Amino acid sequence: MTYGYDVCVVGLGPAGMAVSIMASEMGLRVLGIEKRSLGGECMSVGCIPSKALLRMGHARHAFDRLETLALDGGSLPRPAEPFRKIAGHIQYIHDKKTTAMFAKVDLKLREGAASFVDPHTVEVGGRCYTAKRIFICTGTKPYVPPISGIDGVDYLTNENLFSLNEIPRSMVIIGGGAIGSEMAQAISRLGCKATIVHADSHLLPHGDSEAGQLLEAVFAGEGIAVHNDRTINRIDREDETIVVETDQGERLVGQKLLVAAGRKYDFAELKLENAGVDYDRRGIKVDRHLRTSQRHIYAPGDCNGSFLFTHAAMHQGMIALMNAMMPGPLGLDYRKYVVPWTVFTEPQIAHVGMLERDLKAKGTPYEVIEEAYENYGAAIAEGIAIGSVRAYASKTGRIYGARIIGEGAGEMIGEWGLAIQNRLRMHRIMFLQHSFPTMSFLTKRVSERWMMNRMKSRLLRRLIRFMV
Ligand SMILES: Cc1cc2nc3c(=O)[nH]c(=O)nc-3n(C[C@H](O)[C@H](O)[C@H](O)COP(=O)(O)OP(=O)(O)OC[C@H]3O[C@@H](n4cnc5c(N)ncnc54)[C@H](O)[C@@H]3O)c2cc1C
């Protein structure tokens, strides 16, 4: 059979962009289909606008601190139309940067949702296209829990939050994960009274409890109310206010309600049945090579439910494309690559590898090595009070995981990821010089502390004394 295209990519978010741009650069005939806008959720209603809003919030907070310290800060006006400003930046990135990357891709943009006709044929905009290999990169949608009364109020999700005209006076946020926490701090710092309510026992439930509790303490200091361990009984609109009633009898009120309660998978439009692609409520089923139940159809990115991060989606896109070109046994196993993740609150919180609770659950013996920012001269001098670099390692220096809280955490976690992925041991970090006085110098300090711990061995001490 001859196919119209070598590669068809459905959905052009981070995963689909990685596949289609790389494939077209390799000289393959690529069809890219996107029902909304290039860059996917990340670009238009996810990472990029949320981080831009946070940056505005952090700047505002820094300025407020200057004023409190009675430094000559002058008076900073409230940000005028922050969402419009962010939309302008996104439009610029789209027009001037992203579109050019697709120069060699045959694009079907905003012609509707693609659906499968058969395992090699996809239909969009009333026309059918065939391809030898097909990549499903359709991501997820916001999950809205079926709470009594929720459909009677105009709730926000990440899909319409960034289309507001102004920062609301007050907002209740359902969800204490990364998105809920980031957005709470951003809008709070921009003058909104933020209240988080969620079912977990601490913020950022996918991370460790200590980091979540530290963030709660920071939030309390900034006037953000956090209600853990709550079930929501009912949601109502009363005049201009939305009222969220919890199982503890509270009535949490806000001008707006943001639902950030997780993600859902919805493949109705794709008609996966026509292609024989298996899925369940946790996403499209893939093997270690990111292949679906059809050998020529791959599903990298959020749609397979494994790691819901942009960098993971891009990485999986790359791996899936490489696997499509390699015979089965030589294929790359996407699960072998570590996935760091960062929450961009202030302080930032970043993890890679195993958490302490994972190590405990597995019964793996480990040592905790930690260096706090408060003991580091550079951090003290720069007024950075909160933070630490922490690693979990074996006695022989095998690194199981790392957690960084504080300024630069998202930048610094990459080094630990590289070490874990490549099985580099602690002494390899110790012998790498780190620029001083950066916060990453604390990474080296952690490795030095690990080495000092080894020196506590009486045998080693005797040996050293003998050799001196
Ligand atoms: C508020 C928010 C903040 C976030 N912040 C971060 C962050 O800081 N760092 C991070 O790593 N991750 C972050 N994420 C997660 C990140 O956005 C996702 O992990 C990432 O976008 C997933 O990429 P993807 O390509 O798999 O899917 P998406 O980005 O969801 O792209 C899927 C694309 O497929 C299109 N599509 C769907 N169905 C069809 C169809 N039938 N036909 C044609 N097109 C279709 C959609 O329109 C969409 O453009 C954030 C998410 C949110 C909501």
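Numbering of residues begins at 1 and proceeds along the displayed sequence. Predicted model, so just to flag it, every value in this text is computed and none were measured. First listed ligand is number 1; within each ligand, the first listed atom is number 1.
When Arg390, Arg403, His202 are each tested for a side-chain hydrogen bond (donor to acceptor under 3.5 Å, both in side chains) with Asp208, only one passes: Arg403.
Annotation for ligand 1: atoms under 4.0 Å from non-hydrogen atoms of Ser50 are 3 (C). Close contacts of ligand 1 with Leu308, meaning ligand atoms under 4.0 Å from a residue heavy atom, involve 15 (C), 19 (O). Each of the atoms 1 (C), 53 (C) of ligand 1 lies under 4.0 Å from some heavy atom of Asn158. Counting the atoms of ligand 1 from 1 in the order shown, those under 4.0 Å from a heavy atom of Cys42 are 17 (O), 21 (O), 29 (O). Of all the atoms in ligand 1, the ones that sit under 4.0 Å from a non-hydrogen atom of Gly301 are 26 (O).
Of the heavy atoms in Val10, only side-chain atoms (C-beta onward) come closer than 4.0 Å to ligand 1. With a heavy-atom cut-off of 4.0 Å, Phe344 touches ligand 1 through its side chain alone. When non-hydrogen atoms are compared, ligand 1 lies under 4.0 Å from the backbone of Thr310 as well as from its side chain.
In terms of protein heavy atoms, atom 40 (C) of ligand 1 is closest to Ala114 N, 3.6 Å. Among protein heavy atoms, atom 13 (C) of ligand 1 sits closest to Cys47 SG, 3.3 Å. The shortest contact between atom 25 (O) of ligand 1 and any protein heavy atom is with Ala15 N, 2.9 Å. Protein heavy atom at the shortest distance from atom 38 (N) of ligand 1 is Thr138 CG2, 3.4 Å. When only non-hydrogen protein atoms are considered, atom 32 (C) of ligand 1 lies nearest to Cys137 O, 3.3 Å. Protein heavy atom nearest atom 2 (C) of ligand 1, with residue, atom name and distance: Gly46 CA, 3.4 Å. Summary of contacts: the protein heavy atom closest to atom 31 (O) of ligand 1 is Gly13 CA, 3.5 Å. The closest protein non-hydrogen atom to atom 27 (O) of ligand 1 is Gly139 CA, 3.4 Å.
The N/O atoms of Cys303, backbone and side chain alike, include none that comes under 3.5 Å of an N/O atom in ligand 1. Residue-to-ligand polar distances place Lys51 within reach of ligand 1: an N/O pair is separated by less than 3.5 Å.
Heavy atoms from other residues, nucleotides or ligands lying under 6.0 Å from CZ of Arg237 number more than 12. Atom CD of Glu411 has 12 or fewer neighbouring heavy atoms from other residues, nucleotides or ligands inside a 6.0 Å radius. Counting heavy atoms of neighbouring residues, nucleotides and ligands inside a 6.0 Å radius, atom CZ of Arg234 exceeds 12 of them.
Residue Lys35 holds the heavy atom nearest to atom 43 (C) of ligand 1 of all those in Lys35, Glu182, Lys108, Glu159. Closest heavy-atom approach to atom 46 (C) of ligand 1 within the set Glu34, Arg36, Arg263: this belongs to Glu34. Within the set Met314, Glu269, Glu41, the minimum heavy-atom distance to atom 28 (P) of ligand 1 is found for Glu41.
Using a 4.0 Å cut-off between charged nitrogen and carboxylate oxygen, Arg189 and Glu346 count as a salt-bridge pair. Between Glu111 and Arg127 there is no salt bridge, since no side-chain nitrogen of the basic residue lies less than 4.0 Å from a carboxylate oxygen of the acidic one.
Checked by atom type, the side-chain pair Ser306/Gln316 shows a donor-acceptor distance below 3.5 Å.
Across every non-hydrogen atom of Phe116 and Asn274, the tightest pair is O-ND2, 2.8 Å. When all heavy atoms of Glu182 and Phe344 are compared, the closest pair comes out as OE2-N, 2.8 Å.
For an aromatic pair to be called close, the ring centres must be under 6.0 Å apart, and Tyr337 with His315 satisfies this. Residues His120 and His296 place their aromatic rings such that the two centres sit under 6.0 Å apart.
Put simply, the side chain of Asn160 gets close to the backbone of Thr157: a donor and an acceptor are under 3.5 Å apart.
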*Going through the checks in order, is the salt bridge (charged side-chain N to carboxylate O under 4.0 Å, His left out) test met by Lys132 and Asp6?*
CA-CA 5 Å; Lys132 196 168 173 191; Asp6 298 313; over 6 Å; no
